[in-house]
2 protein chains.
Amino acid sequence: MTTNARHESDDEGDAGPGTRERIVVATSRLMQRQGYSGTGVKQIAAEAAATLGSVYHFFPGGKKELAVAAIRHGEREFAEELARCLAAAEDPADGIAACARSLAGGMRESDWADGCPVASTALGVTGSVPDIRRAADEAFTHWRSLVAERLREHGFAGDDARELAYTVISTLEGAEMAAQVARDEAPLRIAGAHLARLVGLYAAAPRS
Amino acid sequence: MTTNARHESDDEGDAGPGTRERIVVATSRLMQRQGYSGTGVKQIAAEAAATLGSVYHFFPGGKKELAVAAIRHGEREFAEELARCLAAAEDPADGIAACARSLAGGMRESDWADGCPVASTALGVTGSVPDIRRAADEAFTHWRSLVAERLREHGFAGDDARELAYTVISTLEGAEMAAQVARDEAPLRIAGAHLARLVGLYAAAPRS
DNA sequence: GTCTATACCCCGATAGAC
DNA sequence: GTCTATCGGGGTATAGAC
């Protein structure tokens, strides 16, 4: 694209992250806490230590384009954590429970400020900004594919794996929101235990 | 309070809903679709066919107070539907699955515009408006209590019922959001089936 | 209780120098 | 690529007549 976009993730040697990446990270963090409408472009510029001109230079599509980039950034971040949890556990059920614990840890460490960046960015504009809705849908779809693939590796039937992946991601999303609103990790702890049991049930008796 | 607030739900004979109730309903509907920050007080007044002066007359606390009232309104609406579904089914598992179907129907009928009014109103301001976070927490807590009570009536152990209620509400919330983002009822359909199986599992083999 | 008018502020986005 | 200045509009909330 522009002369400054080298490959994908910029690598500026020892100069720290490039301007574009700082803007994306700032957008993601702010919209995670305040949502799309609650976050201003000027606030993003300030948080990223960039000027308004730079923001619109890299994102001529304005706030909507910023939100899409932020959702994709949050998508990659959680995908990495999810893959780590699933790979580290012998059993997929344990991996899912570990992921729930990881989410609970992140929420507690941020004093319940950092929920799902995709959900908080997309909710409230799914009906009016199609690009944002689509980016959020793609994020959920990718996360589900990671879960389903791990389940299939472990011998689950394809349909079971696909359906369980839906409920795993839905439940983690809902429990994270409940935890944020309650300022209590109980919803995530309980969700992790129940999801592990549900997955174990399908491992033992494949189809209903 | 004021001379016009008679009991709780106004009953104006044949004059239709009173101004205050129209404002609450409009706030709930708009924030359900656009979130807290995406909804303007002027827009609320227009949707309620009221003037800005009337809005601030009934809600001197402004937008924050409107949001709390809207969340409580949405809480009551879903509580009624949830209670209906649970009461109509012989088995709590069937009642929960029916509730998932009911949510899917509402989403589809609104062309995936009407998600959970509590979630969309509260997400994005849980960190900055304590009253709104608290109202949302109370809504979830009440919904969980309805599920837990029904499970206990059906012979579930108290702890199992309490914990299952957490996951039932979390999963329905997450699946509703996933359905909205995907514009597809699959997440809710699958969630309903899985929750029914999970509940059935605890009915058969009480403690893990 | 209802209505109009308005104060005051910040929004997203753009222009154009450097 | 970065920066400042600004435009046009809409935001929340209030004042005060009726």
Side-chain angles (χ1 to χ4, degrees), chain A residues 1-6 10-13 15-24 26-27 30-31 33-70 121 124-125 128-129 131-132, chain B residues 1-7 10-13 15-27 30-31 33-70 121 124-125 128-129 131-132:
Chain A
M1 326 288 181
T2 71
T3 59
N4 192 34
R6 288 205 247 296
D10 294 18
D11 168 17
E12 301 244 341
T19 303
R20 192 196 148 93
E21 181 168 339
R22 288 203 318 276
I23 292 169
V24 172
T27 305
L30 288 171
M31 291 195 178
R33 291 161 195 251
Q34 305 170 343
Y36 176 84
S37 303
T39 300
V41 180
K42 285 173 183 165
Q43 189 185 13
I44 290 169
E47 172 95 357
T51 62
L52 205 54
S54 292
V55 172
Y56 280 96
H57 168 75
F58 286 108
F59 299 92
K63 195 176 176 179
K64 295 171 186 175
E65 188 180 348
L66 284 164
V68 170
T121 301
V125 289
S128 52
V129 189
D131 288 353
I132 294 178
Chain B
M1 323 286 183
T2 71
T3 57
N4 192 32
R6 289 206 247 297
H7 294 86
D10 292 17
D11 168 17
E12 302 245 339
T19 303
R20 192 195 149 95
E21 181 166 340
R22 288 203 319 277
I23 293 169
V24 172
V25 171
T27 306
L30 288 170
M31 292 194 178
R33 291 163 147 91
Q34 306 171 343
Y36 176 84
S37 303
T39 301
V41 180
K42 284 175 182 166
Q43 189 184 13
I44 291 169
E47 173 96 358
T51 61
L52 206 55
S54 291
V55 172
Y56 281 97
H57 169 74
F58 286 108
F59 300 92
K63 196 176 175 181
K64 295 172 187 176
E65 188 179 349
L66 284 164
V68 169
T121 301
V125 290
S128 54
V129 189
D131 288 353
I132 294 178

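So that the names make sense, note that chain A is the first sequence line, chain B the second, and so on, each numbered from 1. Keep in mind the model is a prediction, meaning the values are calculated, not measured.
- Applying the 4.0 Å criterion to OP1 and OP2 of C/dG1, one finds that B/Ser54 has every side-chain N and O outside that range.
- A/Arg22 and A/Pro17 get closest at one heavy-atom pair: NH1-O, 3.5 Å.
- Pairing analysis of DNA chain D (Watson-Crick: purine N1 to pyrimidine N3 plus N6-O4 or O6-N4; G-U wobble: N1-O2 and O6-N3; both under 3.5 Å) yields stems of 3 or more pairs at C:1-18 with D:1-18.
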*Take nucleotides 9-15 of chain D nucleotide by nucleotide from the 5' end and write B, S or -, depending on whether a protein heavy atom sits under 4.0 Å from the base, only from the sugar-phosphate, or from neither.*
--BBBB-
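- At a threshold of 4.5 Å between non-hydrogen side-chain atoms, the residues A/Lys64 and A/Phe59 do not count as touching.
- Between the CD1 atom of B/Ile23 and the P atom of C/dG1 there is a distance of 11 Å, rounded to whole Å.
- When every heavy atom of A/Thr51 is checked against every heavy atom of A/Ala45, the shortest pair comes out as C-CB, 4.1 Å.
- Close to C/dT2, at under 4.0 Å from its OP1 or OP2, lies no side-chain N or O of B/Thr51.
- Side-chain contact between A/Val41 and A/Tyr56 is present, with at least one heavy-atom pair separated by less than 4.5 Å.
- The side-chain contact (heavy atoms from CB on, under 4.5 Å) test applied to A/Ala67 returns A/Met31, A/Tyr36, A/Thr121, A/Ile132, not counting sequence neighbours.
- A/Thr19 and A/Ala50 make their closest contact through CG2-CB, 4.1 Å (heavy atoms, listed as atom of the first residue, atom of the second, distance).
- Contact detail for A/Ser128 and A/Gly124: the closest heavy-atom pair is OG-O, 4.5 Å.
- Applying the 4.0 Å criterion to OP1 and OP2 of D/dT2, one finds that A/Thr19 has a side-chain N or O inside that range.
- For the residue pair A/Leu66 and A/Ile44, the shortest heavy atom distance occurs at CD1-CD1, 4.1 Å.
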